Amino acid sequence: MPKAKILDLNDFSEQKKQQASIICSSLSFQRGEKEILSDISTTFPKTGISVIMGPNGAGKSVLLRTIIGLLKPDSGYVILNPEFARKTALVFQRPVLIRRTVYGNLHHALGIAGVPRRQRRSRIEELIAIGGLTGLENLPARSLSGGEQQRLQMVRALSSNPKLILLDEPSASLDPQSTHAIEEIIKSTSDKNVKLVLVTHDIGQAKRLADDVTFIHKGKILEQNSSPDYFNSPSTPEVKSYLEGDLLV
Amino acid sequence: MNTLTEAFLQSFQLIITLDETLVEVVLLSLSVTFKAVSLACLIGFPLGTALAVLKFPGQKTLVVLFNSFMGLPPVVVGLVVYLILSANGPLGPLGLLYTPTAMIIAQTILVTPIIVAHSRQIIVLLAEEYDETLRSMQASRMDIMGTLLWDSRFSLFTTVLAGLGRAFSEVGAVMIVGGNINHFTRIMTTAIALQTARGDLALALGLGIILLVLTISINALAYGLKTTWEKHSYA
Amino acid sequence: MTKILTGWVGLVFLLLCTPVHSSDEYILLQSTTSTQNSGLYEFLLPHFEDGHGVKVKVVAVGTGQALYNGSRCNGDIVIVHSPADEREFVEAGYGIDPHNLMYNRFVIVGPSSDPAGIGKIETLREAFAKLSKGPAPFVSRGDDSGTHKKELSLWNKYEISTTGDWYYEVGSGMGATLNITVGLEGYTMTDLGTWLSFANKTNHVILYENGSELFNQYGIIMVNPDHCPNVNSEPAREFLNWIVSPMGQQLIAQYKIDGEQLFYPNASPKRYK
Ligand SMILES: Nc1ncnc2c1ncn2[C@@H]1O[C@H](COP(=O)(O)OP(=O)(O)OP(=O)(O)O)[C@@H](O)[C@H]1O
Ligand SMILES: [Mg+2]
């Protein structure tokens, strides 16, 4: 598995390095003719909830995969602050649950996280409660509804006690209750000093959760700003029309 | 026609009377086959999984080799094992030639490629599905292989059955390394071969019918087990 | 991880261990198939085993294979029927104490309709000549067995060429060859023991069985312990002594199928110069 490199970096100021959880340096990712990420250089702060927005196909999911090491960039690199390195988790846009029960999925994740067998049961009960999955423990995970699967994926990501969680549209296609539940989990997790990076198309959700927002379009970062500034005074026409609901091509 | 009817009568009679020699031969057949297939699984499942998950130089060559080895001629395997276990061969001092252990070794060699090739095929499919999820959890290679194996277990059942089929019906290799010694290394298939050589076609065929019935029973049993297990694991 | 590995190794080992059959002492007899297929051993061996507390395990293969197995030390004693090969085996240092054990004869079997017309023939030479005219196939073992070698030596002696579409070389044991012969309605040469105990004769009968030329001598040889230190030579010698003793010889003479004696004892030590 390609790991994000962990090393100090002279291109970034000392202050940035201290404050950043993730440093992306000149990330490029190409598939054929198409440039999916082109020369992305940025940092994400150590605390709070960073939201990434951008139209479909902008490269948001690819960026998250690259950050966590699932994809190797063609050039550039990702550096994780040692505080966060290897304490990461990714909540996928489309959850892939393994072919076991709800309980089994969590048990498995805890096993991989190295939690001793004896401690797993109580931890699972906790997670089930957080995800609002009580009563579903013994169902095959894949028979759950989309929202339930998403919540299970969410608590599965929490099971290893990560310091940094990347969330790829965790509440897309969920009903308002499930969305609310997911947001509650996100907030309480953030309150526990866990760094969150959240991709979402839901402007209301972004407003409710974001501390800072990054806007990606066609593989490039167009804007990166603190939450109020981003929403109140967008500086690029693309962000403006995105927020107004125009189709960006 | 005459021989066929007689064969049915013979097999029927052997079963009804629980013929002592027959029971002995059947039990040895089952034990050799069961052990050989278990060994083949112990070797083949990890190997098949490794070939599905790990990328290393020579991996593709190994895949092609194991796929080809599924068609190893039993007699050739028998000969090679014979030469190795032969008293003046490299493993001669172990004194294994003409023992059930020799037959188990030969059959393990025959069955392992089947297990490796089939399980790799099955695991590759699941690996594609699980890959990113497991890697995002920072699972180690061992964790990944373990997860894939465990979650493929129901599909792998068919693989085991294919192995059982090959081992249970095989005669060429066990004949050479087992020697078809009465009361010691005689199993269903070598007994059938012997009766054929003696021209007792009805008895040979009768034994063949029993072999077939046993094969069907094993498959039915395995299928039943698999179904209940599958249900149970999701109960 | 180490736990898994230990468990794995343990399991492999466990599966390879087969329960020790019995603590009985045993010897391994490499034998030609005819003596086994005829049922002689099932009759004879219990008499020895009971009296001596030694089991005899029989591996029945062609004479050539039996001698080869013996030369590789995979056996304690051999019973075969190809005097020339036996001699070679002893002279190469693989065997000791060769003995004539018993004899019977080869016979030529074929369909009772006898299309080659060898049934009323006096001499073997004439019979072979008729067979080579090819009204029906002649099926040859073609496997370097004692019987095959005997057959080849006869064609040779009568200077009859065996190239022709009447001559089938099947490369199989006696039983399989007989099955093929029956299926082809052809002729073949077989030892009497295998023929008498062969159950799939259908319409085939013995058509020629005269003459000293079809004599079939069985021999017994101990595997040389100097060549093969692993052999169980004490009990092997015990067995040899027993089978050539009046007691063993008498039992051989007693073995009959349908009232017909299969083997005629004639034990005597062989000396090669
Ligand atoms: N492995 C890949 N190979 C080739 N093309 C890819 C690969 N992964 C993504 N892409 C392409 O890269 C582009 C960006 O994909 P990505 O999934 O990052 O979009 P996104 O910003 O997450 O969009 P959405 O909002 O629809 O989820 C898309 O056009 C996609 O087709
Ligand atoms: Mg996406």
Side-chain angles (χ1 to χ4, degrees), chain A residues 1-4 61-62 64-72 80 84-115 137-143 149 152-153 156-162 164-168, chain B residues 41 45-46 48-57 59 118-160 222-223 225-235:
Chain A
M1 151 171 176
K3 299 257 162 48
S61 298
V62 169
L64 291 196
R65 281 189 165 80
T66 310
I67 289 173
I68 206 160
L70 292 179
L71 290 178
K72 243 177 127 76
L80 293 185
F84 300 91
R86 293 196 59 73
K87 299 188 191 90
T88 56
L90 174 59
V91 173
F92 290 88
Q93 191 165 354
R94 280 181 295 273
V96 176
L97 298 164
I98 66 171
R99 294 175 183 173
R100 300 186 193 178
T101 57
V102 170
Y103 188 94
N105 265 270
L106 294 174
H107 193 269
H108 171 255
L110 289 169
I112 286 180
V115 177
E137 292 92 334
N138 294 319
L139 291 180
R142 288 159 177 232
S143 70
Q149 291 199 20
L152 175 55
Q153 197 200 181
R156 184 179 65 182
L158 296 178
S159 66
S160 60
N161 281 325
L164 166 64
I165 308 181
L166 311 179
L167 304 131
D168 200 350
Chain B
C41 289
F45 284 152
T49 314
L51 285 177
V53 172
L54 308 180
K55 302 271 171 283
F56 54 89
Q59 181 233 19
H118 285 204
S119 60
R120 191 198 69 89
Q121 195 79 30
I122 288 167
I123 300 263
V124 155
L125 287 180
L126 192 65
E128 240 164 58
E129 189 181 322
Y130 278 13
D131 176 62
E132 286 205 326
T133 303
L134 293 176
R135 277 165 60 208
S136 80
M137 294 162 122
Q138 260 115 89
S140 68
R141 289 214 169 94
M142 280 305 275
D143 284 336
I144 291 177
M145 299 207 292
T147 307
L148 291 170
L149 256 182
W150 181 249
D151 283 17
S152 302
R153 61 196 183 283
F154 301 120
S155 323
L156 290 175
F157 234 84
T158 329
T159 310
V160 178
Y223 187 77
L225 272 177
K226 177 195 161 177
T227 320
T228 31
W229 187 21
E230 212 165 359
K231 230 187 259 160
H232 189 75
S233 74
Y234 264 160

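Computed from a prediction, not measured in an experiment: that's the story for all the values here. Residue numbering restarts at 1 for every chain, and letters A, B, ... go by the order of the sequence lines.
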For this session: Check whether any side-chain heavy atom of A:Leu90 sits under 4.5 Å from a side-chain heavy atom of B:Arg135, and report yes or no.
Result: no
Exercise. Is chain A contacted by the side chain of B:Thr147, its backbone, both, or neither, given a heavy-atom distance below 4.5 Å?
Worked result: both
Problem set entry | Proximal component of B:Leu126, with respect to chain A [non-hydrogen, under 4.5 Å] | side chain
For this session: Apply side-chain contact (heavy atoms from CB on, under 4.5 Å) to B:Leu134 and A:His108, showing your working.
Result: CA-CA 10 Å; B:Leu134 293 176; A:His108 171 255; 3.5 Å; yes
Exercise. Got a salt bridge between B:Glu230 and A:Arg99, using NZ or NE/NH1/NH2 to carboxylate O under 4.0 Å?
Worked result: no
Exercise. Just by distance, with hydrogens left out, do B:Gln138 and A:Thr88 show a side-chain donor and acceptor under 3.5 Å apart?
Worked result: yes
Exercise. Would you say B:Phe154 has more than 12 foreign heavy atoms packed within less than 6.0 Å of its CZ?
Worked result: yes
Exercise. Would one find more than 12 heavy atoms of other residues, nucleotides or ligands at under 6.0 Å from atom CD of B:Glu132?
Worked result: yes
Exercise. What pair of heavy atoms forms the shortest contact from B:Met137 to A:Ile112, and how long is it?
Worked result: O-CG2, 3.6 Å
Exercise. Measuring heavy-atom distances to chain B, does A:Leu97 have an atom under 4.5 Å in its side chain, in its backbone, in both, or in neither?
Worked result: backbone
For this session: Give the C-alpha distance, both sets of side-chain angles, the deciding distance and a yes or no for side-chain contact (heavy atoms from CB on, under 4.5 Å) between A:Arg100 and B:Asp151.
Result: CA-CA 8 Å; A:Arg100 300 186 193 178; B:Asp151 283 17; 2.6 Å; yes
